[in-house]
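Reviewing the structure listed below.
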There are 2 protein chains.
Amino acid sequence: MTAAQGRLDPLVRGGGMAAWRQIADAIESDIVSGRLAAGSRTPPEMQLAERFGVNRHTVRRALTHLAQSGLVRSAQGKGTFVEPRPLAYPLGEKTRFSEVMAKAGKEARGELLFAQHISANAEAAEALAVEIGAPVLEMHTVNRADGVALSLSRTWLPLPRFSGLDQLFARKGSLTKAYSKLGVDDYRRLSTRISARPAEPEEATALAIPPGKTLLVVKSVNVDPAGVRIQATQSRFVADRVELVVER
Amino acid sequence: MTAAQGRLDPLVRGGGMAAWRQIADAIESDIVSGRLAAGSRTPPEMQLAERFGVNRHTVRRALTHLAQSGLVRSAQGKGTFVEPRPLAYPLGEKTRFSEVMAKAGKEARGELLFAQHISANAEAAEALAVEIGAPVLEMHTVNRADGVALSLSRTWLPLPRFSGLDQLFARKGSLTKAYSKLGVDDYRRLSTRISARPAEPEEATALAIPPGKTLLVVKSVNVDPAGVRIQATQSRFVADRVELVVER
DNA sequence: CCGGATTTGTGCGTATGTATT
DNA sequence: GAATACATACGCACAAATCCG
C-alpha cells in the first residue's frame, strides 16, 4: 500500500529489486487503483524523490519507464500526467463500432474520405472469395470517438450488390445503418487477423498522429446471415488509444 | 493475372491508378499466389522495369511500398527477397503454443530466462484476483519456433500452488507439460487483450531484434477446469513474425 | 510584457556493487 | 585474483518550457 499523503514510502534497498523499479511499481499501483486519476498530474519529481527518499534521477528513471509503457506522459515545464487508459475495443462475432462507443459513453462517427469502384486485387479477391479483377467498391474511412480519431479503415464490398453504399455511409456515418438501407439487417464476423506496424506518413496524416506511431492492424471479413461474404476490412487502430479485447 | 515469363505486362495508363501502385499490386499478387515463393529473390529491378514497360524508378517506388508493408526486403548488391509470411498464431480458448507450432510443422521450445518469487504488484494481483502483496511466481521466458524467437513472455502464477513450476518448465520447455506434472491436466483462456508498441532495449536484446521494432502485446489469463485463475501472462510477439488469428 | 517561481530535460562528475572477461 | 564493463544511485548545476502575479 502506498502512503496517500505521508512523508515517506519505504523502499527495500539491496534486496535484488532496483529502487527505481519499486518506485515505478508504487506509482503504477497508484494509477491502476485510481488514487492517481487519468488526466491528473502526478506530484513533481522533487516531491516524489522526497517521498521515496531517493535522488531525483532515480524518480526520473521510474517515470521514463512508466512513460514507455504508456501510463504517463511528461511535459517540460508543466509536469507529468497520467494518460487515459486505452479504450477497450471488443472483437466479437457481432461487434458494431457505434454500439461499442455508445456503451463507453462516447459518440461514434465514421467519416468517408473517399470511395472508388476498382477491380479486385489479389488481397481483396481472396478476402471476398471473388475472382481477381471482379468489380468491388473500395471505401476509405476514419472512425472517431468523441472527435478523436481511433482508426483508419479500408473496406472492400462486392459490386454490384453494394453499389451506392458509399453514399449511404457518408450520410449516416455508420456501416450498420447503411447496410440496413440495402436490406442487410444482420451480419457477423467471419474471421479476424491482427498484426501491428508503424504508421506510414499518409496514415499518420489521416489519423493526426506523428508518423511512425504504432498501429494495430485488424483484417476482418464479415458475412451476411446466409454466410455470403459482404465485406472485407483492414482497420488501422492507433495503438495508444485502443486495446483489443477478444470476446467469446 | 500476371505474365509468368512473358515479355510485357500491360498497365492502365492515365486511369486514376498510379503505375507504381499497379506494379505493387501485380507483384503482391505474385507473392500471395505463391508464384514468388517466400525466401526467393524477385527479378532484378531492371528486369521488372522491362516487363512493365516503365522506368526503374517506378519499379523502385512499388518495391519500397511492398518493403514498408513487410512483403519484401531489399539488400544492396544482393537483390530483393520475398519475406516469409508471418506465422498465423491462433487466439482461442484452448490454444497451446506447442500444438500450434506442431501443426505448422515447426519445433516449439520455451526457454526459461529466469524466475523469482515476488509479492504481487497491482497488475498481477488484479489479473490473478489475489490480494496485492500475495506471493506469486514470476517467470520470464522466450518462445521459439525452429530456433527463431517469436515471443517474450512474463508469466505470473499464484503461490504456493505452483511452487517449483519454473523448474519443471525449464526441463520440459512447455507450460502444458509442466502443469500436467502438478496435476493440472486442462486449462482454458479466460480473457485476452491485445495492444502494440515499440520494443524497449531489453526486450529487443532478448528477442534478438533491433530496438524499436513493433511488438504485439497479448495479455491473457488462464483458468483451470474449476474456473480458478492459475496464470496471467503478458506475451510480446515480434510483429513481423506472427499474425494473431481470433478463433471462435 | 516582465520577471520570478515551478517543473521537466540534460549534462557532468562521483561512487558502489555485480557480472564478465 | 585483476581488469573491465555495466547497472545503479547520488549530488550539483543549468537549460528550457510553462505558469502566474
Side-chain angles (χ1 to χ4, degrees), chain A residues 2-32 34-85 148 208-214 240-241, chain B residues 111-124 137-142 149 152-154 166-167 170 197-213 215 234 236:
Chain A
T2 302
Q5 291 279 37
R7 276 275 56 79
L8 205 129
D9 227 342
L11 300 179
V12 183
R13 305 305 283 253
M17 197 176 189
W20 69 265
R21 285 190 188 276
Q22 297 179 56
I23 294 169
D25 269 5
I27 298 175
E28 180 176 336
S29 166
D30 285 350
I31 294 173
V32 301
R35 283 189 293 273
L36 276 175
S40 70
R41 209 185 68 191
T42 68
E45 292 171 357
M46 271 308 298
Q47 208 165 304
L48 289 170
E50 279 177 34
R51 166 171 145 197
F52 293 106
V54 299
N55 190 275
R56 185 163 79 100
H57 281 306
T58 312
V59 169
R60 282 183 63 75
R61 236 208 281 192
L63 288 177
T64 39
H65 178 78
L66 292 176
Q68 278 169 340
S69 26
L71 264 79
V72 303
R73 178 192 307 269
S74 299
Q76 191 171 0
K78 297 211 289 189
T80 301
F81 298 84
V82 179
E83 288 280 282
R85 297 209 65 174
V148 292
I209 55 173
K213 272 223 154 194
T214 305
D240 283 351
R241 299 179 187 161
Chain B
E111 179 190 335
L112 181 66
L113 299 180
F114 73 96
Q116 55 181 350
H117 288 202
I118 59 165
S119 299
N121 60 18
E123 194 183 351
L137 170 62
E138 180 178 272
M139 290 170 42
H140 290 252
T141 59
V142 174
L152 174 66
S153 298
R154 184 184 58 191
D166 48 331
Q167 311 291 343
R197 57 172 173 75
E200 292 175 26
E202 316 156 31
E203 297 169 327
T205 313
L207 290 165
I209 55 172
K213 272 225 154 193
L215 298 181
Q234 187 207 57
R236 286 146 288 178

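Values below: every heavy atom of this structure, side chains too, minus hydrogens, waters and symmetry copies. Chain A is the first sequence line, chain B the second, and so forth, proteins listed ahead of strands; every chain is numbered from 1.
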Expressed in angstrom and rounded to an integer, what is the separation of [X] atom [atom1] from [N] atom [atom2]?
X: A:Arg61; N: C:dT10; atom1: CZ; atom2: P; answer: 16 Å
X: A:Trp20; N: D:dC10; atom1: CH2; atom2: C1'; answer: 17 Å
X: A:Glu50; N: D:dG11; atom1: CD; atom2: P; answer: 12 Å
X: A:His65; N: D:dA7; atom1: NE2; atom2: P; answer: 16 Å
X: A:Met46; N: C:dA5; atom1: CE; atom2: C1'; answer: 15 Å
X: A:Leu48; N: C:dT7; atom1: CG; atom2: C1'; answer: 12 Å

- Note on the structure: For nucleotides 15-21 of chain C, 5' to 3', base contacts (B), sugar-phosphate-only contacts (S) and non-contacts (-) with protein non-hydrogen atoms under 4.0 Å give -------
- Query: Considering residues at least two apart in sequence or located in another chain, which fulfil the salt bridge (Lys or Arg N to Asp or Glu O under 4.0 Å) criterion with A:Glu28?
  - Reply: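 Salt bridge (Lys or Arg N to Asp or Glu O under 4.0 Å) check on A:Glu28 returns nothing, list empty.
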- Can you list the residues that meet the salt bridge (Lys or Arg N to Asp or Glu O under 4.0 Å) rule with A:Lys78, with sequence neighbours excluded?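 Partners of A:Lys78 under the salt bridge (Lys or Arg N to Asp or Glu O under 4.0 Å) test: none.
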- Consider the side chain of A:Glu45, meaning its heavy atoms from C-beta on, and name the nucleotide among C:dG9, D:dT8, C:dT7 that approaches it most closely.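 It is C:dG9.
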- Per A:Arg56 side chain, nearest of listed nucleotides C:dT10, D:dA9, C:dT7: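 For the A:Arg56 side chain, the nearest candidate turns out to be C:dT10.
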- Quick one: is D:dA9 close enough that its OP1 or OP2 comes under 4.0 Å of any side-chain N or O from A:Arg60?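 For D:dA9, OP1/OP2 do not have a side-chain N/O of A:Arg60 under 4.0 Å.
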- Task: May I ask you to verify if any side-chain N or O of A:Thr58 is less than 4.0 angstrom from the OP1 or OP2 atom of D:dC10?
- Result: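 It does, given that an N or O in the side chain of A:Thr58 lies less than 4.0 Å from OP1 or OP2 of D:dC10.
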- Item | Side-chain donor/acceptor of A:His57 to base of C:dG9, under 3.5 Å |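 Flag unset: no donor-acceptor pair detected.
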- Message: Any side-chain to backbone donor/acceptor pair from A:Thr80 onto A:Thr42? Under 3.5 Å, distance only.
- Response: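 Between the backbone of A:Thr42 and the side chain of A:Thr80 there is no qualifying donor-acceptor contact (under 3.5 Å).
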- With no hydrogens and no angle check, is any side-chain donor or acceptor of A:Glu45 less than 3.5 Å from a backbone partner on A:Val59?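 Between the backbone of A:Val59 and the side chain of A:Glu45 there is no qualifying donor-acceptor contact (under 3.5 Å).
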- Item | More than 12 heavy atoms of other groups within 6.0 Å of A:Arg73 CZ |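 No, CZ of A:Arg73 has 12 or fewer neighbouring heavy atoms, counting only those of other groups under 6.0 Å.
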- Task: Specify the residues of residues 73-82 of chain A, ordered by number, for which at least one heavy atom lies under 4.0 angstrom from an atom of DNA chain D.
- Result: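 Within this stretch, A:Gln76, A:Gly77, A:Lys78 sit under 4.0 Å of the strand.
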- Message: Holding to ring-ring contact (aromatic ring centres under 6.0 Å, His included), I want the full list of residues that pass it with A:His57, two or more places apart in sequence or in another chain.
- Response: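 Partners of A:His57 under the ring-ring contact (aromatic ring centres under 6.0 Å, His included) test: none.
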Less than 3.5 Å apart, which donor and acceptor atoms pair up between the side chains of residues 111-119 of chain B and the rest of the protein, not counting sequence neighbours?
{"unit_1": "B:Glu111", "atom_1": "OE1", "unit_2": "B:Arg144", "atom_2": "NE", "d": "3.0"}
{"unit_1": "B:Glu111", "atom_1": "OE1", "unit_2": "B:Arg144", "atom_2": "NH2", "d": "3.2"}
{"unit_1": "B:Gln116", "atom_1": "NE2", "unit_2": "B:Glu138", "atom_2": "OE2", "d": "2.9"}

- Task: Find the distance between OG1 (A:Thr214) and CZ (B:Arg197) and round it off to the nearest 0.5 Å.
- Result: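 Rounded to the nearest 0.5 Å, the OG1-CZ separation comes to 9.5 Å.
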- Message: Under a 3.5 Å threshold, yes or no: a donor from one side chain and an acceptor from the other, between A:Ser29 and A:Arg35?
- Response: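 On atom types as modelled, these side chains qualify, holding a pair under 3.5 Å.
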